[in-house]
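These notes are about the structure you will find just below.
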Amino acid sequence: MEIPVDKPILVTSALPYVNGECHIGHLRTYVPADLYVRMLRKMCYNVRFICGSDTHGTPIVLSAEAQGITPKAVVKRYHEHFRQVFKALNVDFDYYGQTDSESNHRRTEEIVKKLIENGYVYKKITKQAYCNTCGRFLPDRYVEGKCPYCGAIARGDECDQSCGKHLEPGEIIEPKCKICGNDAVFKDQEQFFFLLSAFAEFLASYLDTLGGTLNARNYAREWVKKELRDWCITRNLDWGVKFPGRDDLVVYVWVDAPIGYISFTEELLKGNEDISWDRYWKDDAAVIVHFIGTDIIYHHCIFWPAMLKGAGYSLPDAVVASGMVKINGETFSKSRGNVVWTTEFLKRFHPDTLRYYIISQSSHTKELDFSWNSFAMRVNNELVGVLGNLVHRVLTFAHKNFAMVPEGDIEEEIFVAISKRRDEAIRAVEEYEFKKFVDAVMSLADFGNRAFHRQEPWHLIKKGEEGKARCGTVIKDVLQLLKAVCILLEPVMPEKMQEMWHLIGMESDVHSVKLDELLVPIESGQALVKPKKLFRRIEL
RNA sequence: GCCGGGGUGGCCUAGUGGGUUAGGGCGCCAGACUCAUAAUCUGGAAGUCGCGGGUUCGAGCCCCGCCCCCGGCACCA
């Protein structure tokens, strides 16, 4: 998507559901979003980046009960955990909130009231499974019984193992509570529904204008082409945002979760005199980009825009959906131990190597198959072999023979090479092709190795003053390349590139350096220290 | 079943307004270099671009049929 230069941009990253620890699957969304934001800033856009914890819903309530603590305590614990993980990985949100905040309660109530006012919410009696033993109503996924069509064991809402038919509430035979295993009964319950069916036409045309990745639009179109069923937006729970006027009902978690995007914007901009939150969410004065995983496309491309439209809010401009992560070809599974926890990973390896791997291993919308072997290969071949080695060899050589950035002019071909890769990198980011982005930049380092080797400075240095002067030019050319690599790779590996920035004699903060610095010749005379190794080989 | 994505050398993969010898990476083989983290550089072998038809002077890219793989099929965070 081409980004309008004159508008501020709001980038959001999917809200982690805080009932468990962060695994590397989560990062597939956050790391590219962070890269995107850092790169846009280098391109001088006005960007704000927000996220927060998704705190409501049944799984958190159950998780709390299992641990004998309150939902609030569960939320607090994992909210803190995610904050720390993001900090460790340098996923640098301008604001990280949580959906149980007062302002999110308020904003959710306001939006639900508005939907009611506009005639998009209606009441309906439904059959709801109730477990007498647990003393609670059961969401469909916690009900198990026999399929009335084929007789196989089925979930409350769908015959998921056998015939695949959708089951209406109350249809399932011999319902049992999946939590305690005892019999469940169906009770009549008053629930509220969102008139999603009224938005079919709107959504069809909206999806045609939506930016972001193709997988998001295609997936959503499929639903719009079929019939859109109205959506039950209330639950019989205590934990959550109360449905207006009903103390016994909370809104479904997928109502208040995305509204977090709005309330976090409000919280971020509170007291900001230059711009207020409603410029983003009411006046259509900003570009809104959501980074999510393919598993929640439905909610972001169907429910969410319909809700916003129905309540009179601005619509998202782009939805960028990342593919799922697998481990050694298998789906994540906590029970089978097929999972890689982020904190465990970070005990062993530098966060930037993980960021690099996630970005470079596969195209953003495709599945990423993690393996320790492929991780080690990327680090050893690319970060150590190509980039780390180039930095180390040229700086060691320069330090020994010059001890500073040598005099001399930079060859024109260097600037040509940099400009070419810069353009490729910008195009890649605009297309959400983050692998292409990193590949384009790394090819500059590759270019550097070839140039250095071809000109054999280790021979030149032995050929008197003239040789030394030419040698200086070779080094300076490569340093210019490294400067460019550093700037362009900062969005991928912020910490390592800051280290490298200092190694090549730069004193500023590479995080705030803009793209126009790419073609500014590196200055001669700056002291060069004996380099330390930027990356270390991984032996498995 | 329906919808979407995909099937390109041992592995991963680029490549749609159809047009020079199908591009890159990993791995492999040979050689070079020695400034450098056994890193680097040069060269090489290896592909009937899922199958069968068709359109065209010409198709990985277009059309028809078929096979296979992956994901989704809703209130589940």
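Computed from a predicted structure; not experimentally measured. Residue numbers begin at 1 in each chain, while the letters A, B, ... track the order of the sequences.
Residue A/R217 is out of contact with every strand shown, counting any heavy-atom pair closer than 4.0 Å. Looking at heavy-atom distances under 4.0 Å, A/Y17 makes contact with a base. Base engagement by A/V384 is indicated by at least one non-hydrogen atom pair under 4.0 Å involving a base atom. A/D446 comes within 4.0 angstrom of sugar-phosphate atoms only, judged by non-hydrogen atoms across all strands, and of no base. Note on A/H26: nothing from the nucleic acid sits closer than 4.0 angstrom, heavy atoms only. Residue-level contact check: A/I296 touches neither bases nor backbone, having no heavy atom under 4.0 Å from any strand. Within the nucleic acid shown, A/P457 has no heavy atom closer than 4.0 Å to any nucleic acid atom.
Separation of the P atoms belonging to B/A38 and B/U20 is 43 Å when rounded to the nearest angstrom. For the P atoms, the distance linking B/A14 with B/G25 amounts to 15 Å, nearest Å. To the nearest whole angstrom, the two C1' atoms, one in B/A59 and one in B/U16, are 11 Å apart. With C1' as the reference atom, B/C64 and B/G1 are 22 Å apart, rounded to whole Å. As rounded to the nearest Å, B/C51 and B/G31 have C1' atoms that lie 42 Å from one another. For the C1' atoms, the distance linking B/C67 with B/G52 amounts to 10 Å, nearest Å. Here the separation of B/C63 from B/G24, taken at their C1' atoms, is 31 Å to the nearest Å.
Just one of A/V492, A/V429, A/V320, A/I359 meets the side-chain contact (heavy atoms from CB on, under 4.5 Å) condition when paired with A/P32; it is A/I359.
Look at CZ on A/F452: it is 13 Å from C1' on B/A39, rounded to the nearest Å. Residue A/I297 contributes atom CD1, which lies 13 Å from atom C1' of B/C73 at whole-angstrom precision. Computed from coordinates, the A/L387 CG to B/G25 P distance equals 17 Å when rounded to whole Å. The CG atom of A/N218 sits 8 Å away from the C1' atom of B/G5 (whole-angstrom rounding). Going from atom CZ of A/R221 over to atom P of B/C73 covers 19 Å, rounded to whole Å. Rounded to an integer number of Å, the gap from CG of A/N381 to C1' of B/U37 is 13 Å. One interatomic measurement links the two molecules: CG of A/N380 to C1' of B/G27, which rounds to 14 Å at whole-angstrom precision. Between the CG atom of A/L395 and the C1' atom of B/U37 there is a distance of 14 Å, rounded to whole Å.
Summarising the base pairing, B/G1 is matched to B/C73 through a Watson-Crick or G-U wobble pair whose two defining distances lie under 3.5 Å. In this structure, B/G31 and B/C41 make a Watson-Crick or G-U wobble pair, each of the two defining distances being under 3.5 angstrom. Base pairing of B/G52 is made with B/C64, judged by Watson-Crick or G-U wobble geometry with both donor-acceptor distances under 3.5 Å. Remark: B/G10 base-pairs with B/C26; criterion is Watson-Crick or G-U wobble with both hydrogen-bond distances under 3.5 Å.
Contact of A/E222 with B/G72 (side chain to base): a donor-acceptor pair of N or O atoms is detected under 3.5 Å.
For the pair A/D439 and A/K435, the salt-bridge criterion is met [side-chain N within less than 4.0 Å of a carboxylate O]. In summary, A/K476 and A/E411 do not engage in a salt bridge, as defined by a charged side-chain N under 4.0 Å from a carboxylate O. Taking 4.0 Å as the cut-off between side-chain N and carboxylate O, A/K124 and A/E190 do not count as a salt-bridged pair.
The phosphate of B/U37 (OP1 or OP2) has no side-chain N or O of A/R393 nearer than 4.0 angstrom. Applying the 4.0 Å criterion to OP1 and OP2 of B/G71, one finds that A/K326 has a side-chain N or O inside that range. Not one side-chain nitrogen or oxygen of A/K436 sits closer than 4.0 Å to the OP1 or OP2 atom of B/G25. Taking only side-chain nitrogens and oxygens, A/H459 comes nearer than 4.0 Å to OP1 or OP2 of B/U34. Between A/K366 and B/A14 there is a side-chain N or O to OP1 or OP2 distance below 4.0 Å.
Under the stacking definition used here (centres under 5.5 Å, planes under 30°), the residue A/W458 qualifies as stacked on the base of B/C35.
Residue A/D238 places its CG atom among 12 or fewer non-hydrogen atoms of other residues, nucleotides or ligands, all under 6.0 Å distant.
At least one donor-acceptor pair closer than 3.5 Å links the side chain of A/N449 to the backbone N or O of A/V386.
Checked against a 6.0 Å centroid threshold, the rings of A/H290 and A/Y261 count as neighbours.
For A/F535, taking side-chain heavy atoms from C-beta onward, the closest of the listed nucleotides B/C35, B/G5, B/U37 is B/U37.
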